[in-house]
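As structure tokens, the structure follows; a few thoughts come after it.
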2 protein chains.
Amino acid sequence: MTRAEAADMPDDGEFRTPERLRRRASRLLSQVAAQTDRLITDGLARADARKWHYAALASLEEHGPASQATLSRRTGVYRSDMVGVLNELSERGLVERALDPGDRRRNVITITTQGRRHLHRLDKVLDDLHEELLAPLRPAERDQFVRLLTRLLDHHTQQAPPPP
Amino acid sequence: MTRAEAADMPDDGEFRTPERLRRRASRLLSQVAAQTDRLITDGLARADARKWHYAALASLEEHGPASQATLSRRTGVYRSDMVGVLNELSERGLVERALDPGDRRRNVITITTQGRRHLHRLDKVLDDLHEELLAPLRPAERDQFVRLLTRLLDHHTQQAPPPP
DNA sequence: TGACTAACGTTCATGTCACTAACGTTCGTT
DNA sequence: AACGAACGTTAGTGACATGAACGTTAGTCA
């Protein structure tokens with residue numbers, strides 16, 4: 001039996017999530033986010049990439065070459081993890097790591113032509129994945145959804161940027 | 001220099017997240033969910049509880065005594081993890097674990113009076129936390145938000161219930 | 001100038017989460 | 001009587017978010 005067609009037996013709830021939980025915005029958020037994460041992670045994996053790779057490449061194309069620390073701050077990827085991400089990207093020729101002649105502590109990371117091409121391919125992949133993600137919502141609702149999320153994020157982010 | 005007072009230099013974005021990322025529903029979701037998770041986890045910790053504890057107790061009160069496997073299905077807490085959750089809850093006298101006389105594979109978990117009291121306390125704590133979470137939204141918007149999330153979740157959940 | 005502080009890249013370690021694998025026990029069905 | 005499946009349990013995996021510490025380098029100030 002599949003729980004869905006349980007029209008005959010009263011289904012006292014072998015699979016029924018308590019209303020208390022079902023209604024909570026926090027739980028809805030975490031569930032939807034988890035589903036989304038799997039969708040995106042799998043989709044990117046099929047395109048031979050990962051979220052962090054995309055984030056780094058996107059940052060490099062939008063704002064130009066940067067140090068690893070800056071990339072880390074811009075993408076939210078932790079600086080410890082950025083190391084590995086850039087290792088992989090540079091191994092594959094998507095970015096180049098060079099010593100900053102003006103500051104020998106820094107590496108200057110630059111996106112390559114190949115990296116740009118990869119990024120644009122990933123942009124399309126993500127467009128498709130988001131189409132799938134937001135399929136049940138009409139365009140106006142999608143906008144609303146994004147707006148609400150943005151407001152929530154802004155509200156809960158504003159009081160904790162790195163201190164001066 | 002501190003980025004905040006960069007009114008003079010054009011702030012080419014030492015901390016600026018790429019638009020590509022900022023706009024994506026997937027990223028917004030994951031960020032907001034992460035913030036939310038911390039809010040809830042911390043809040044519950046202050047009340048000496050954890051999400052899974054709440055989920056188990058809520059399920060027990062709403063649907064009555066159940067086996068661990070059933071609890072796991074109802075709450076989404078993985079059955080491997082349910083073991084530890086119930087250990088902790090029963091150590092604290094919030095639930096009781098008894099062998100099911102009718103099926104010696106099963107444990108029957110029952111919520112205690114103390115557990116009920118704890119649960120009701122947590123309900124209040126969660127109400128407050130959600131008030132904080134959704135603070136920037138007006139009541140109608142909160143409803144909208146929950147509705148949109150629910151539709152997304154339903155859509156992405158319906159095609160993968162446990163197989164017959 | 002020399003000493004101190006802070007940022008950088010890096011490695012290693014920690015904790016949580018979702019999930020898989022495997023095990024022995026028990027049940028239901030054939 | 002035998003087999004497959006469900007149960008509770010333990011142990012382990014991989015992704016993710018962090019923290020600690022280290023050597024190197026820059027910038028600041030006494």
Side-chain angles (χ1 to χ4, degrees), chain A residues 1 14-15 26-27 29-42 44-45 49-53 55-56 66-90 95 97-109 160 162-164, chain B residues 1-3 14-15 26-27 29-31 33-38 40-42 44-45 50-53 55-56 66-73 75-90 95 97-109 160 162-164:
Chain A
M1 173 188 59
E14 186 67 11
F15 288 86
S26 58
R27 169 163 255 249
L29 266 170
S30 108
Q31 303 264 212
V32 173
Q35 287 287 134
T36 300
D37 190 67
R38 274 199 294 176
L39 185 74
I40 300 290
T41 300
D42 293 355
L44 285 180
R50 305 212 232 127
K51 286 177 289 182
W52 291 350
H53 295 189
S67 71
Q68 298 188 190
T70 297
L71 277 180
S72 174
R73 284 187 286 264
R74 295 213 265 233
T75 59
V77 174
Y78 216 75
R79 68 188 200 283
S80 312
D81 300 317
M82 186 56 79
V83 180
V85 171
L86 294 178
N87 283 343
E88 294 178 27
L89 288 177
S90 75
V95 305
R97 231 207 217 100
L99 292 171
D100 184 337
D103 183 342
R104 300 224 300 277
R105 291 171 303 181
R106 285 180 164 85
N107 290 335
V108 179
I109 313 297
Chain B
M1 177 191 49
T2 63
R3 163 260 179 148
E14 185 66 12
F15 288 85
S26 57
R27 170 164 255 251
L29 267 170
S30 108
Q31 302 263 215
Q35 287 286 135
T36 300
D37 190 66
R38 274 200 292 176
I40 300 290
T41 300
D42 293 356
L44 286 180
R50 304 213 232 127
K51 288 176 289 180
W52 291 349
H53 294 191
S67 72
Q68 298 189 190
T70 296
L71 276 180
S72 173
R73 282 187 288 263
T75 59
V77 174
Y78 218 77
R79 69 185 201 282
S80 312
D81 301 316
M82 186 56 79
V83 180
V85 171
L86 295 179
N87 283 343
E88 294 178 28
L89 288 178
S90 75
V95 304
R97 230 207 218 97
L99 293 170
D100 184 337
D103 182 343
R104 301 225 299 276
R105 291 172 302 180
R106 286 179 165 85
N107 291 334
V108 179
I109 314 297

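Note on naming: letters A, B, ... go to the chains in the order of the sequence lines (proteins, then strands), and numbering restarts at 1 for each one.
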Can you list, pair by pair, the side-chain donor-acceptor contacts under 3.5 Å of residues 76-84 of chain A, counting residues two or more places apart and other chains?
none

Nucleotide [N], atom [atom2] - distance to [atom1] of [X] in whole Å:
X       : N       : atom1 : atom2 : answer
E14(B)  : dA7(C)  : CD    : C1'   : 11 Å
R50(A)  : dC16(D) : CZ    : P     : 7 Å
L71(A)  : dA7(C)  : CG    : C1'   : 16 Å
R73(B)  : dC19(C) : CZ    : C1'   : 17 Å
W52(B)  : dG15(C) : CH2   : P     : 16 Å
L39(A)  : dA15(D) : CG    : P     : 18 Å
I40(A)  : dA15(D) : CD1   : P     : 17 Å
N107(B) : dT9(D)  : CG    : C1'   : 10 Å

Of T70(A) and S30(A), the one whose closest DNA chain C nucleotide lies more 5':
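Closest to the 5' end, via its nearest nucleotide, is T70(A).
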Could one point to a donor on the side chain of R105(A) or the base of dA7(C) with an acceptor on the other under 3.5 Å away?
yes
Contact list for DNA chain D against residues 75-86 of chain B - heavy-atom distance below 4.0 Å
R79(B), S80(B), V83(B)
Taking for each residue the nucleotide of DNA chain D with the nearest heavy atom, is it R106(B) or T41(A) whose nucleotide lies nearer the 5' end?
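This one resolves to R106(B).
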Does [N] have OP1 or OP2 sitting under 4.0 Å from an N or O in the side chain of [X]?
X      : N       : value
N87(B) : dT9(D)  : no
K51(A) : dC16(D) : yes
Q68(B) : dA6(D)  : no
R38(B) : dC17(C) : no
R97(A) : dT10(C) : yes

Does [X] have any side-chain contact (heavy atoms from CB on, under 4.5 Å) partners at least two apart in sequence or in another chain, and if so, which?
X       : result
S26(A)  : R24(A), T36(B), I40(B), H130(B)
A34(A)  : none
R104(A) : none

State, with a plain yes or no, whether a side-chain heavy atom of L89(B) is found less than 4.5 Å away from one of R97(B).
no
Determine whether R50(B) and T41(B) make a side-chain contact, defined as any pair of heavy atoms from C-beta on separated by less than 4.5 Å.
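Side-chain contact under 4.5 Å: no.
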The nucleotide from dC27(C), dA18(C), dT25(D) with an atom nearest the side chain of R104(A) is dT25(D)
Name all residues meeting the salt bridge (charged side-chain N to carboxylate O under 4.0 Å, His left out) criterion together with D100(B); count only those two or more places apart in sequence or in a different chain, and write none if there are none.
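So D100(B) forms no salt bridge (charged side-chain N to carboxylate O under 4.0 Å, His left out) with any residue.
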